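Read the structure below first, then the notes.
Keep in mind it's a predicted model, so treat the numbers as computed, not measured.
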Amino acid sequence: MASCNILCSVKPQIDSFKKSCFSQSWSNRPHGSSYFNKNFQFRRNSFVIVKASDSRTSKKQVEITYNPEEKFNKLADEVDREAGLSRLTLFSPCKINVFLRITSKRDDGYHDLASLFHVISLGDKIKFSLSPSKSKDRLSTNAAGVPLDERNLIIKALNLYRKKTGTDNYFWIHLDKKVPTGAGLGGGSSNAATTLWAANQFSGCVATEKELQEWSGEIGSDIPFFFSHGAAYCTGRGEVVQDIPSPIPFDIPMVLIKPQQACSTAEVYKRFQLDLSSKVDPLSLLEKISTSGISQDVCVNDLEPPAFEVLPSLKRLKQRVIAAGRGQYDAVFMSGSGSTIVGVGSPDPPQFVYDDEEYKDVFLSG
């Protein structure tokens, strides 16, 4: 495999993105209404004990107890409150579409969909720092080919936040990219949601999370999902988000395989034919997954046929994963508009992706 490949455990996650607290230099999202923390504080121990023992005699040699006066703790807390937030690092998880039904063509040219979105543990890390500039954001990244100007959803999210709130904060942002682009995993949408939440923290939370979620739909249909609990039934263009209890076990393993080639979402929808798509009721799919778990027959993606026309090698990849898996996967399906193939039920990639020259440059996470 190519050196850029990522080998890791990929599991559906909700709680792992909701930690109890975060610091100004590193954070995970805490328990609450979504991934994003509303309040944070630094907790201090009132004492510290350091012990050392002699392993030969089991005798305690040193015990030091430090118990600072309460006034020093109060003073430090006051400094924290007055200092304000200047740096923040957040985890930005991606998602899979467990099923994706396209239900109708809209008058505005978009399509109505009904889909089960679910976050997984693969994600990017975004570092935010307040900029002294009052006119320009600066974005950097470790990934080639990612736009760093207004085409990037991170910059669009910052511009949207300033427009909606009237705040004048600008930022230096570094995007540590792990989620491949053009993968159907919502990496860019997640980055935008994370950025809106971060900007709100720097501004003292002048907007509610509900407002952030509603605003986010103006720049991307998938972005509102990332303000959910982590599992949601999404309708409309994807911006109508209904939180649901996670129907997938947290510890279920999966493999993601993405070829170098990306699928153009616009081209996939251009080739989509509504009259040839599945007619199964998406609510029946949701009910079956909730009661019986994931199986091949419930992981319906109406965008697979047009995506396989755009990228025939993607259809062959899915077929090979199913054949090589020999039943080790509960389901194999494409996420979003492609080009990631997801195998649920095993953390082990099929051997052919290691052996075949054709797949030497795939993105592999499993």
Original post:
How long is the span from the OG1 atom in Thr89 to the NE2 atom in His174, to the nearest 0.5 Å?
Top reply: 10.0 Å
Original post:
Where the side chain of Ser278 meets the backbone of Asp302, is there a donor-acceptor pair that is under 3.5 Å apart?
Top reply: no
Original post:
Can you tell me if CZ on Arg106 sees more than 12 non-hydrogen neighbours from other groups inside 6.0 Å?
Top reply: yes
Original post:
Judged by atom type as modelled, is there a donor-acceptor pair below 3.5 Å linking the side chain of Gln296 to the main-chain atoms of Val332?
Top reply: yes
Original post:
Should Phe202 and Tyr170 be regarded as members of a common hydrophobic cluster, given that ILVMFWY residues are connected when their side-chain heavy atoms come within less than 4.5 Å of each other, either directly or indirectly?
Top reply: no
**OP:** Report yes or no: is the cationic atom of Lys258 (NZ for Lys, CZ for Arg) closer than 6.0 Å to the six-membered ring centre of Phe363, at no more than 45° off its axis?
**Re:** no
Original post:
Is Phe226 close to Lys95 at the side-chain level, that is, under 4.5 Å between some pair of heavy atoms?
Top reply: yes
**OP:** Give, for atom CD1 of Ile126 and atom CD1 of Ile154, the distance between the pair rounded to the nearest 0.5 Å.
**Re:** 4.5 Å
Original post:
Under 3.5 Å, side chain of Glu239 to main-chain N/O of Ser221, donor-acceptor pair present?
Top reply: no
Subject >> Flag, side chain of Asp124 to backbone of Val179, donor-acceptor distance under 3.5 Å >> reply: yes
Subject >> Residue Lys279 excluded, over 12 heavy atoms near NZ under 6.0 Å >> reply: yes
Subject >> Co-membership, hydrophobic cluster, residues Leu139 and Trp172, 4.5 Å side-chain >> reply: no
**OP:** Find out whether Val280 and Leu285 are in side-chain contact, i.e. whether some heavy atom of one side chain is under 4.5 Å from a heavy atom of the other.
**Re:** yes
Subject >> Within one Ile-Leu-Val-Met-Phe-Trp-Tyr cluster: Val240 and Trp215, side-chain cutoff 4.5 Å >> reply: no
Original post:
More than 12 non-hydrogen atoms from neighbouring residues, nucleotides or ligands closer than 6.0 Å to NZ on Lys164, yes or no?
Top reply: yes
**OP:** Answer whether the closest heavy-atom distance between the side chains of Asn169 and Lys134 falls below 4.5 Å.
**Re:** yes
Subject >> Residue pair Lys127, Lys125: steps toward the side-chain contact (heavy atoms from CB on, under 4.5 Å) verdict >> reply: CA-CA 7 Å; Lys127 299 180 180 180; Lys125 187 166 69 173; 4.2 Å; yes
**OP:** Using a 4.5 Å cut-off on heavy atoms from C-beta on, say whether the side chain of Pro350 contacts that of Tyr329.
**Re:** yes
Subject >> Exercise: identify the closest heavy-atom pair between Val241 and Cys234 >> reply: CG2-SG, 4.2 Å
Original post:
Mind checking what makes ring pair (Phe, Tyr, Trp, His ring centres under 6.0 Å) contact with Phe352, not counting sequence neighbours?
Top reply: Tyr359
Original post:
Under a 4.5 Å cut-off applied to non-hydrogen side-chain atoms, are Ser277 and Ile102 in contact?
Top reply: no
Subject >> Pro93 backbone acceptor or donor facing Ser190 side chain under 3.5 Å >> reply: yes
Subject >> Contact summary for Ser228 and Asp243, nearest pair of heavy atoms >> reply: CB-OD1, 3.1 Å
**OP:** Working to the nearest 0.5 Å, report the span between CD1 of Ile244 and CG of Leu286.
**Re:** 4.5 Å
Run the side-chain donor-acceptor check on residues 303-316: report pairs under 3.5 Å with partners two or more places apart or on a different chain.
{"unit_1": "Glu304", "atom_1": "OE1", "unit_2": "Lys318", "atom_2": "NZ", "d": "2.8"}
{"unit_1": "Glu304", "atom_1": "OE2", "unit_2": "Lys318", "atom_2": "NZ", "d": "3.4"}
{"unit_1": "Glu304", "atom_1": "OE2", "unit_2": "Met334", "atom_2": "N", "d": "2.9"}
{"unit_1": "Arg316", "atom_1": "NH2", "unit_2": "Glu358", "atom_2": "OE2", "d": "2.6"}

**OP:** Would you indicate whether the side-chain heavy atoms of Ile252 and Asp330 approach each other to under 4.5 Å?
**Re:** yes
Original post:
Do Ile120 and Cys94 have side chains that get closer than 4.5 Å, going by heavy atoms?
Top reply: yes
Original post:
Is a side-chain N or O of Ser290 found less than 3.5 angstrom from the main chain of Pro247, in a donor-acceptor match?
Top reply: no
Original post:
Just by modelled atom types, is the Ala193 backbone N or O under 3.5 Å from a matching donor or acceptor in the Ser216 side chain?
Top reply: no
Subject >> Inter-residue atom distance Thr195.OG1 - Lys156.NZ, 0.5 Å rounding >> reply: 13.0 Å
Original post:
Does Ile219 share a hydrophobic cluster with Tyr110, counting links as ILVMFWY side-chain heavy atoms below 4.5 Å and allowing steps through other members?
Top reply: no
Original post:
CD1 of Ile96 to CG of Leu185: how many Å apart, nearest 0.5 Å?
Top reply: 8.5 Å
**OP:** First locate atom CG of Asp137, then atom CG of Leu148, and finally report the distance between them rounded to the nearest 0.5 Å.
**Re:** 12.0 Å
**OP:** Check ring pair (Phe, Tyr, Trp, His ring centres under 6.0 Å) between Phe272 and all other residues, then give those that pass, not counting sequence neighbours.
**Re:** His111
Original post:
Are any non-hydrogen side-chain atoms of Val98 and Val344 less than 4.5 angstrom apart?
Top reply: no
**OP:** Over all heavy atoms of both residues, which pair between Arg271 and Glu267 is shortest? Give the atoms and the distance, please.
**Re:** NE-OE2, 3.0 Å
**OP:** Please work out whether the ring planes of Tyr233 and Phe99 are parallel, tilted or perpendicular, with thresholds of 30° and 60°.
**Re:** tilted
**OP:** Decide side-chain contact (heavy atoms from CB on, under 4.5 Å) for Phe117 and Asp222; before the verdict, give the C-alpha distance in whole Å, the side-chain angles of both, and the deciding distance to 0.1 Å.
**Re:** CA-CA 9 Å; Phe117 283 56; Asp222 289 352; 3.8 Å; yes
Subject >> Asp275, CG: over 12 other non-hydrogen atoms inside 6.0 angstrom >> reply: yes
Original post:
Which heavy atom of Thr167 sits nearest a heavy atom of Arg162, and at what distance?
Top reply: O-CG, 3.4 Å
Original post:
Got a donor-acceptor contact below 3.5 angstrom from the Ser335 side chain to the Asn97 backbone?
Top reply: yes
**OP:** Look at the side chain of Ser292 and the backbone N and O of Ile289, then say whether any donor-acceptor pair between them is shorter than 3.5 Å.
**Re:** no
Original post:
Side-chain donor-acceptor pair under 3.5 Å between Asp112 and Thr103, yes or no?
Top reply: no
Subject >> Distance-only donor-acceptor check, side chains Ser295 and Asp297, under 3.5 Å >> reply: yes
Original post:
side-chain contact (heavy atoms from CB on, under 4.5 Å) between Leu153 and Asn191: does it pass, once the steps are laid out?
Top reply: CA-CA 7 Å; Leu153 282 169; Asn191 293 168; 5.8 Å; no
Subject >> side-chain contact (heavy atoms from CB on, under 4.5 Å) between Ile341 and Phe333, intermediate numbers included >> reply: CA-CA 6 Å; Ile341 298 297; Phe333 55 91; over 6 Å; no
Subject >> Closest non-hydrogen atom pair between Asn200 and Ala207, with its separation >> reply: ND2-O, 2.8 Å
**OP:** Please report the shortest heavy-atom distance between Arg87 and Leu85, naming the atom on each side.
**Re:** O-CD1, 3.5 Å
